[in-house]
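In this text, all values refer to a predicted model and were calculated from it rather than measured experimentally.
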Amino acid sequence: MNISPDKAEEALQAIQRMTHKTRHAITSGGTYITLIVTGAVWLIGFIGTQFLPREISGLLWAGLSLLGTFLGILLGHRMGGRLRSPATAAMVKRVALFWLLLICFALAVIAVAWPLEGKQATMLVILFIMLGQMAMGLLFSFSSVWWTLPITALALVGYFLFPGIFYLWMGILGGGGMIALGLYIHSRW
């Protein structure tokens, strides 16, 4: 199959337009906010887990999770108000149901694998979160999938190679990486 230079140029321009539209949709859809909020929760939560007693770090995670969920819903609703349509509302319901079911499956896997030590349970949760983020990326845009792979790889490296500082590793590289990526997407895309 031979393609003329004009057809190839036209196809390349269409790909570039789609890439620009996808990046614009990711930025205006508030993906960067989700990354920054989640990254802040991970940064504070994991560093707290590394250095605080287990009881206090558990309370810290509970508070951070509630605050992060509240901020995510609030900011997502504010950003989404500009983009809302009946199709978007239906998609939001399906996404929420997906995350609810994924949480149920994660809890089932943890229950089956129980008893686990803290880092094992944490690693399973991280893997399920990254799987969910990857699924969302594949659903909405291939360009928003790539960041889950390095975060997952960093988590596995920290888990297997640096178990003594795993939580610190995840706070700085996982949480900090998400914050940096969110800021990059917001400023550059």
Side-chain angles (χ1 to χ4, degrees), residues 26-80 92 95-96 98-100 102-107 109-110 113-137 144-189:
I26 290 169
T27 302
S28 64
T31 298
Y32 71 95
I33 292 173
T34 302
L35 284 167
I36 292 170
V37 169
T38 303
V41 167
W42 279 33
L43 179 69
I44 296 166
F46 280 124
I47 290 175
T49 302
Q50 183 73 42
F51 296 111
L52 297 172
R54 186 179 177 127
E55 301 80 27
I56 295 173
S57 67
L59 292 173
L60 177 65
W61 271 108
L64 287 170
S65 296
L66 290 173
L67 178 62
T69 300
F70 173 76
L71 284 174
I73 290 170
L74 177 69
L75 296 171
H77 184 67
R78 286 185 61 190
M79 292 289 292
V92 166
V95 167
F98 167 80
W99 280 103
L100 179 64
L102 187 66
I103 290 167
C104 290
F105 274 90
L107 291 173
V109 167
I110 290 170
W114 200 261
L116 298 170
E117 81 79 37
K119 289 182 188 96
Q120 289 174 312
T122 300
M123 194 64 224
L124 282 174
V125 169
I126 290 168
L127 290 172
F128 271 97
I129 290 170
M130 290 299 105
L131 177 66
Q133 290 294 340
M134 191 176 301
M136 291 295 99
S144 63
V145 170
W146 67 268
W147 70 269
T148 61
L149 299 175
I151 297 287
T152 303
L154 284 171
L156 291 168
V157 166
Y159 179 79
F160 288 112
L161 299 181
F162 306 108
I165 60 165
F166 172 68
Y167 296 119
L168 181 62
W169 175 273
M170 286 310 302
I172 293 171
L173 296 178
M178 282 188 240
I179 293 169
L181 179 59
L183 293 172
Y184 174 79
I185 288 171
H186 182 60
S187 68
R188 300 287 180 171
W189 284 16

N/O donor-acceptor pair under 3.5 Å between Q50 side chain and G164 backbone
yes
Would the distance check show the side chain of K119 and the main-chain N or O of P163 forming a donor-acceptor pair, the cut-off being under 3.5 Å?
yes
Nearest atoms (heavy-atom pairs only) where [X] meets [Y]:
{"X": "S57", "Y": "G48", "value": "CB-O, 4.0 Å"}
{"X": "F166", "Y": "M123", "value": "CZ-SD, 4.0 Å"}
{"X": "L52", "Y": "L60", "value": "CD1-CD2, 4.1 Å"}

In Å and rounded to the nearest 0.5 Å, what is the [atom1] to [atom2] distance from [X] to [Y]?
{"X": "T34", "Y": "I185", "atom1": "OG1", "atom2": "CD1", "value": "10.0 Å"}
{"X": "T152", "Y": "I129", "atom1": "OG1", "atom2": "CD1", "value": "10.0 Å"}
{"X": "L74", "Y": "T69", "atom1": "CG", "atom2": "OG1", "value": "12.0 Å"}
{"X": "L154", "Y": "L149", "atom1": "CG", "atom2": "CG", "value": "11.0 Å"}
{"X": "L59", "Y": "L64", "atom1": "CG", "atom2": "CG", "value": "11.0 Å"}
{"X": "Y32", "Y": "L35", "atom1": "OH", "atom2": "CG", "value": "11.0 Å"}

[Y] and [X], any side-chain heavy atoms less than 4.5 Å apart:
{"X": "I151", "Y": "W42", "result": "yes"}
{"X": "F46", "Y": "I126", "result": "yes"}
{"X": "P53", "Y": "I56", "result": "yes"}
{"X": "L168", "Y": "I47", "result": "yes"}
{"X": "V37", "Y": "L67", "result": "no"}
{"X": "V41", "Y": "W61", "result": "yes"}

Only counting residues at least two apart or in another chain, list the ones meeting ring-ring contact (aromatic ring centres under 6.0 Å, His included) with [X].
{"X": "Y167", "result": "none"}
{"X": "F128", "result": "none"}
{"X": "F162", "result": "W169"}

Neighbour count above 12 (heavy atom, 6.0 Å) for F70 CZ:
no
